[in-house]
Amino acid sequence: MKLATKLIHAGAEPDPSTGAVMTPIYQTSTFVQTAPGQHQGYEYARSQNPTRFALERAFAEIENGKYGLAFSSGVAATDAVIKLLQPGDEVIAASDMYGGTYRLFTKVFEKFGIKFHYVNMQQADNIVPFINSNTKLVWTETPTNPLMSIVDIAAIAAITQKHSILLCVDNTFASPYLQNPLDLGADIVMHSATKYLGGHSDVIQGALMMNDTALRDQLYFIQKSCGAVPGPQDCFLVLRGIKTLHLRMQRHCENGEQVARYLRNHPKVGKVYWCGFEDHPNYHIAKKQMRDFGGMLSFELKDTSIEAANKVLSSTRIFALAESLGGVESLINHPATMTHASIPREERLKNGLSDCLIRLSVGVEDVEDLIADLEQAIG
Ligand code: P1T
């Protein structure tokens, strides 16, 4: 099936008991047994829920994977992947990534004896010096949050496969519409389904997709043992969101491009971070592994004072000042004090994330209104 058909039909079958076309919300914590151990495949909703199972089938299909697992948030999905590891194991992680992932690694898992190396992965070979016999996982994001760096998934996968190291790609910014990391050699794809998959800023959820059965069984064991599962109502919302992913993403990409080009030509705007510019350092890789360039971008004003950035951040009327991204409505965000505040300032600056960086999640409104809003805010 082609992508649009797959997104609409993924995971969904008419409900066997009633014929309902939309997957019902099975709002139940438990399932009756006729005798101990005799049931219809459902015992207790932390382990099995029909609404969640439909969504997990959809997750697998939209990332061209065999298996999908749903979690109560994106960070809960990340947490489950790191719980595959043991004290003494080492992870090579991208130096530019979502602040909450960095916080989970440094503030929670380092305490449990897992060692993380943060590496700029814009050149795949940069990871090689950090590989040793304890290295079990490479964790990367592309495009990265918030600097829109591009990582060559196939090139990283060639290295991890050679060394029998797992590769997990956080595909949140691209969404399965733009790229499918499993096809490029990744072992696990992770999503904050809160973002483009849900698409309407009304749900917090995470997803993992994979092909390997043993890996799926280990992650399913962690999912049910640690218990970070989403409720059926949230699963329903993400199932519904996925059905329009292609329509929304197409418009996110069109609007994102127009806003990026508008900002680049604005006399008061300095650097614009968007992976669709031909002079973006890894444009050729973005072009190769992505269908289009997405609706996320960041920029700095030429006046790099905090005051100037704050003025823009608090003057937009359509772009709402808020954390998160990937919803139909446009958002504006200040990574240094909001989404990436948990990364120490020196680390942030070292990786190129300045105090005056402004991030936009370009929504699917009329792009002329979006540009007019930026025009009046930048002044
Ligand atoms: O918020 P949650 O669903 O737990 O997802 C965490 C997460 C993981 N990976 C990436 C790339 C993310 O962007 C996020 C969440 N990010 C934001 C809330 C944000 O505004 O950047």
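Read the numbers this way: they start at 1 and go in the same order the structure lists the ligands and their atoms.
- By the neighbour-count criterion of 12 heavy atoms within 6.0 Å, atom NZ of Lys302 is densely surrounded, having more than that number from other residues, nucleotides or ligands.
- Within the 4.5 Å cutoff, side-chain heavy atoms of Pro335 are placed close to those of Asn333.
- Every atom of ligand 1 with a heavy atom of Lys195 under 4.0 Å away is listed here by number and element: 1 (O), 5 (O), 14 (C), 15 (C), 16 (N), 17 (C), 18 (C).
- No more than 12 heavy-atom neighbours from other residues, nucleotides or ligands sit within 6.0 angstrom of NZ on Lys287.
- Listed by atom number, the atoms of ligand 1 under 4.0 Å from Glu141 heavy atoms are 11 (C).
- The main-chain N or O of Tyr26 is found under 3.5 Å from a side-chain atom of Asn49 such that the two form a donor-acceptor pair.
- Residues Phe173 and Tyr98 fail the side-chain proximity criterion, which asks for heavy atoms closer than 4.5 Å.
- Contact between Ser324 and ligand 1 is present, with at least one heavy atom of the residue lying under 4.0 Å from the ligand.
- Considering both main-chain and side-chain atoms, His340 never comes within under 3.5 Å of ligand 1 through any nitrogen or oxygen pair.
- Of the candidates Glu323, Arg359, Gln205, Met338, Arg359 brings a heavy atom nearest to atom 21 (O) of ligand 1.
- Checked by distance only, ligand 1 and Gly74 come closer than 3.5 Å through their nitrogen or oxygen atoms.
- Every atom of ligand 1 with a heavy atom of Asp170 under 4.0 Å away is listed here by number and element: 8 (C), 9 (N), 10 (C), 11 (C).
- Inclusion of Phe173 in the set of residues having an N or O under 3.5 Å from an N or O of ligand 1 is not warranted.
- In this structure, Asp152 pairs ionically with Lys288, as a charged nitrogen and a carboxylate oxygen lie closer than 4.0 Å.
- In summary, the atoms of ligand 1 found under 4.0 Å from a heavy atom of Thr339, numbered by their order in the structure, are 19 (C), 20 (O), 21 (O).
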